[in-house]
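Report on the structure given below.
The model shown is predicted, which means the values in this text are computed figures rather than measured ones. Chain A is the first sequence line, chain B the second, and so forth, proteins listed ahead of strands; every chain is numbered from 1.
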Amino acid sequence: MPLVFVGAVSHGPGITGRAERADPKQKANLDSAFDRLSRELADSAPDVLIVVAAEHFANFFMNNMPAYAMGMADYYEGPIEDEEWLGIKRRRIPGDRKTSVELVSALLNHVDLAYSEEWKFDHGVMVPLHFLTPAFDLPVIPVNINCQGPPLTPCHRAYQFGQYLGEVCAAHPRRIAIVATGGLSHWPATPDSGKINQTWDRDFLDKWTRNDAAALGDYDDSEVYAQAGQGGFEIRTFIAAAGAAQDCKAEVYCYEPIPIFAVGCTVARFNLSSG
Amino acid sequence: MVGGYDLTEEEQQAFLREDIGLLYVLGINGQLLMHYAAFTGLEWDAYIKAMRLGVATHGNVRAGLYVMTDGRGAV
């Protein structure tokens, strides 16, 4: 069964935690794009959803930081953060251990992937699920790419990882959807929170929607840090989604720079028949 | 409790005083610090303000990922 869906969204905790403080028009546009992607995800009838995230020290810390990891549990819990702070109630989210084991086994032919049978979802997974699968009933398999604690996996490797992930999903009997979540330029949780480099973001999205593997793989962390902040390191998740979509092109449904959400809020999807 | 950790005197005191601004300057990653700030009762705007005050008082970030951050902010 083919890979049935590849999308990408922002996950800033302010999107749910400080929702009422955004410009209403921008927030409505973002909500509308999330609704559209949620409907399209449901229409693709996935059996399982892989969320490629960039978690924030919730499960992986500096004492043991894999470059790539996949969840391999029957279920997960989240958010790990304070419910009121994030604006999302804590709950159990179904996993799919059997599929996880099969995917990890297949990926290990190509990538030295870590796995975890315990995983608490932070806002990086919970915010996207809140909008895309609001009943939290679709089995989820989390994937983490270390985007927080350098040294980080190079962007060209993130693209390759996505390619392998797409290949093993395409060869799997279940219908698998992938949603990548991360920021473009942002300086979250710092005094610069709210700064957004729209020019840099739009340039990245231009390369990303064209699925320009060479350009995406060429991003250098020093330059990303200078232009897009430490939050910009999370482009790895978007780049992995591009790799998973192989040669297909993407469409951006929404790009709204919302300072109180600390990021240019993006909702996008690859057209898997455009390759 | 803090004596059980490998902290300098300045780090210990910053933690005990819940000095978010100094903790930021000393290099604590904001992804952790923002939760500690909320735990101490600081709302979001107060958290951002505390970090800016920390930079104004103690100078730029000394260690960790944010050592290059300009510290000016936009909100």
Side-chain angles (χ1 to χ4, degrees), chain A residues 12-14 17-18 20-22 54-58 60-62 79-87 122-124 146-152 183 185-198 221-227 229-234 257-263, chain B residues 1-2 4-8 10-11 14-15 17-75:
Chain A
R18 298 186 290 277
E20 76 289 350
R21 295 182 60 184
E55 72 133 49
H56 314 80
F57 305 118
F60 306 106
F61 198 58
M62 301 309 285
I80 195 169
E81 297 97 336
D82 180 75
E83 297 165 290
E84 198 177 326
W85 180 83
L86 188 59
D122 73 1
H123 65 271
N146 171 28
C147 299
Q148 301 296 337
L152 308 174
S185 71
H186 63 311
W187 288 254
T190 76
D192 295 314
S193 180
K195 189 158 76 175
I196 297 165
N197 187 340
Q198 292 185 46
D221 280 343
S222 301
E223 193 195 335
V224 169
Y225 192 100
Q227 296 295 319
Q230 89 282 2
F233 295 156
E234 292 180 356
I258 303 178
I260 195 62
F261 294 170
V263 71
Chain B
M1 182 194 79
V2 294
Y5 291 88
D6 184 16
L7 300 172
T8 66
E10 187 180 33
E11 289 164 346
F15 178 76
R17 289 198 310 269
E18 298 178 355
D19 187 339
I20 300 299
L22 181 54
L23 289 170
Y24 174 71
V25 167
L26 291 172
I28 291 190
N29 191 296
Q31 295 292 347
L32 302 170
L33 190 59
M34 69 175 170
H35 296 299
Y36 180 62
F39 176 75
T40 67
L42 282 189
E43 299 295 335
W44 183 253
D45 291 348
Y47 165 61
I48 300 293
K49 201 177 286 182
M51 286 187 292
R52 289 178 183 165
L53 182 62
V55 172
T57 306
H58 303 289
N60 214 342
V61 176
R62 299 179 201 168
L65 188 55
Y66 301 149
V67 75
M68 289 166 62
T69 304
D70 64 20
R72 286 175 304 193
V75 173

Structural part of Phe39(B) lying under 4.5 Å from a heavy atom of chain A: neither
When you check the gap from the basic side-chain N to the acidic O, do Arg18(A) and Asp45(B) get nearer than 4.0 Å? no
Heavy-atom count check: over 12 atoms from other residues, nucleotides or ligands less than 6.0 Å from Glu20(A) CD? yes
Tyr47(B) side chain vs Pro191(A) backbone, donor-acceptor pair below 3.5 Å: no
Locate the shortest heavy-atom distance separating Tyr225(A) from Tyr66(B); write the atom from each residue and the value. OH-CA, 3.4 Å
What one should report as the nearest heavy-atom pair of Ile48(B) and Thr190(A) is CD1-O, 3.6 Å
For Gly30(B) and Ala189(A) the tightest heavy-atom approach is O-CB, 3.3 Å
With side chains defined as the heavy atoms from C-beta onward, is the minimum distance between Met34(B) and His56(A) less than 4.5 Å? no
Is it true that atom CD of Gln198(A) has more than 12 heavy atoms of other residues, nucleotides or ligands lying nearer than 6.0 Å? yes
Of all heavy-atom pairs linking Leu65(B) and Phe233(A), the shortest is CD1-CE1, 3.8 Å
Kindly compute the distance separating CD (Glu55(A)) from CD (Gln31(B)), expressed to the nearest 0.5 Å. 10.0 Å
Chain B heavy atoms under 4.5 Å from Pro188(A): which part of the residue, side chain, backbone, both or neither? both
Non-hydrogen atoms of chain A under 4.5 Å away: do they reach the side chain of Leu32(B), the backbone, both or neither? side chain
Look up atom CD in Glu81(A) and atom NE2 in His35(B), then write down how far apart they are to the nearest 0.5 Å. 4.5 Å
